[in-house]
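We number each residue from 1, following the sequence as shown. Keep in mind it's a predicted model, so treat the numbers as computed, not measured.
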Amino acid sequence: MHRLSRLPLTLCFGLAVMVSLIAPMARAADRERVDAFLEVTGFDVALESIRLSADSAPEMLGIDADAFGSEWSRLVREVFETDLMLDMGAGILAQALSDDALEHASDFYASDLGRRLVAAENASHMEEDDAARAEAGDAILNGLRGIDSPRVDLLARLNGASDVEDSSIKALQEVQIRFLMAAAGAGVIELQMEEPDLREAMRAQEPEMRASIKENALAGAAYTYQAFSDEEVLVYAKALEDPQMQEVYALMNAVQFEIMANRFEEVAQRLGTMQPSQDL
């Protein structure tokens, strides 16, 4: 599914709120259909790519992952185990995703265009060289702007349909706060401010974050969908703007960020029991 590029950690709605709002709307989807849906849409790859975001965890805490030697790699493999995260996501979605919305989204992503879009998104999302991808995306975007191409507006519409700015800012802030609080609770770090002050400090950074996320997402879209025509990008944007697809995206984004926050909390707790490597 259309996703943000991986971002350094810094739920527009809490997961419980999202479930309570969406679940009563229609009959919940059965687990088998949800599992098939996650594979068709590439959501399983999106969850697997959360593991790559673990690279930013030590930097956020002001520690050196190399100090833990091979233990850090083992920790990341265990905590961000793909099957575990997929089971968490599928279990929540089976309860909260309506059968009608699931069928609607499945039909689109099972189409020829849908399958090609998922393949492109999966390939882009799993690239480990973020710097090279970002540079390529910037170059494409600047080229489009240089010729005043209407494609820039199409890509912006595509990102707007998946609520790139608002949902991402709130969600990433929540992930970071939960990670920092868990790390402080585990004795890994000592916070210099209380949680309300931490939240206020992050809110003050929102304008800068919003501009950065918008530009990064636009460059990411330019890179990911470079092989698609303007007409195909427009078809995708219209598909994402459909109310049923909006329901799917709101829930799946909330689930993805909840899993990320949960796994980072687990990392923080385990770091509290780890000792620096004696080999260093």
Side-chain angles (χ1 to χ4, degrees), residues 4-19 44 46-93 128 130 167-206 208-209 212-213 252-280:
L4 285 174
S5 299
R6 290 190 301 279
L7 297 166
L9 292 177
T10 23
L11 307 190
C12 63
F13 304 103
L15 181 60
V17 175
M18 291 300 300
V19 171
D44 54 343
L47 292 180
E48 183 178 356
S49 70
I50 290 176
R51 172 182 52 81
L52 301 178
S53 67
D55 292 340
S56 65
E59 180 181 354
M60 191 193 312
L61 299 178
I63 62 178
D64 184 1
D66 291 339
F68 296 99
S70 62
E71 286 296 293
W72 174 256
S73 297
R74 181 186 60 79
L75 172 64
V76 170
R77 286 196 305 270
E78 290 182 359
V79 174
F80 294 90
E81 204 277 318
T82 304
D83 288 342
L84 171 64
M85 293 190 293
L86 190 58
D87 188 63
M88 291 171 63
I92 298 170
L93 289 170
E128 298 195 21
D130 281 347
S167 63
S168 298
I169 288 174
K170 302 300 183 184
L172 291 171
Q173 286 179 342
E174 190 65 24
V175 170
Q176 185 173 9
I177 288 172
R178 286 174 58 174
F179 181 47
L180 292 173
M181 296 304 297
V188 179
I189 60 172
E190 183 177 344
L191 287 178
Q192 300 301 312
M193 59 179 69
E194 299 295 329
E195 183 177 346
D197 296 325
L198 184 61
R199 290 184 179 277
E200 182 59 35
M202 289 189 179
R203 278 193 291 269
Q205 298 173 1
E206 281 189 16
E208 183 178 349
M209 282 186 64
S212 177
I213 287 176
M252 293 182 76
N253 284 338
V255 169
Q256 184 173 348
F257 279 118
E258 171 61 23
I259 292 173
M260 181 183 288
N262 177 279
R263 295 295 80 196
F264 270 85
E265 286 177 326
E266 179 68 17
V267 165
Q269 292 168 7
R270 294 203 189 188
L271 279 175
T273 65
M274 292 173 61
Q275 297 296 324
S277 174
Q278 299 300 314
D279 297 331
L280 299 179

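Residues Val267 and Phe80 approach most closely at CG2-CE1, 3.5 Å, considering heavy atoms. The minimum heavy-atom distance between Ala268 and Ala186, with the atom names listed, is O-CB, 3.5 Å. Contact detail for Arg178 and Asn262: the closest heavy-atom pair is NH2-N, 4.0 Å. Between Gln173 and Met202, the closest heavy-atom pair is NE2-O, 3.1 Å. Closest non-hydrogen pair, Phe257 versus Val175, comes out as O-CG2, 3.8 Å.
Between Arg270 atom CZ and Glu78 atom CD the span is 5.0 Å, to the nearest 0.5 Å. Between the CZ atom of Phe179 and the CZ atom of Arg263 there is a distance of 12.5 Å, given to the nearest 0.5 Å. In this structure, Glu208 CD and Ile213 CD1 are separated by 11.0 Å, a value rounded to the nearest 0.5 Å. Distance check: Gln256 CD to Met252 CE gives 8.0 Å after rounding to the nearest 0.5 Å.
Under the side-chain contact (heavy atoms from CB on, under 4.5 Å) criterion, Ile189 pairs with Leu61, Leu180, Ala183, Ala184, Leu191, not counting sequence neighbours. Contacts of Gln269 classified as side-chain hydrogen bond (donor to acceptor under 3.5 Å, both in side chains), with partners at least two apart in sequence or in another chain: none.
Checking side-chain atoms of Glu195 against main-chain N and O of Met181 turns up no donor-acceptor pair under 3.5 Å.
Here salt bridge (charged side-chain N to carboxylate O under 4.0 Å, His left out) pairs that include residues 79-93, with residues two or more places apart or in two chains, are Arg31-Asp87.
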Self-check item: Audit row: Arg203, Glu206, salt bridge (charged side-chain N to carboxylate O under 4.0 Å, His left out) steps and yes/no
Solution: CA-CA 5 Å; Arg203 278 193 291 269; Glu206 281 189 16; 5.9 Å; no
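A salt bridge links Arg74 with Glu71: the closest approach of a Lys/Arg side-chain nitrogen to an acidic carboxylate oxygen falls below 4.0 angstrom. A salt bridge is defined here as a Lys NZ or Arg NE, NH1 or NH2 lying under 4.0 Å from an Asp or Glu carboxylate O, and Arg199 with Glu174 meets this definition.
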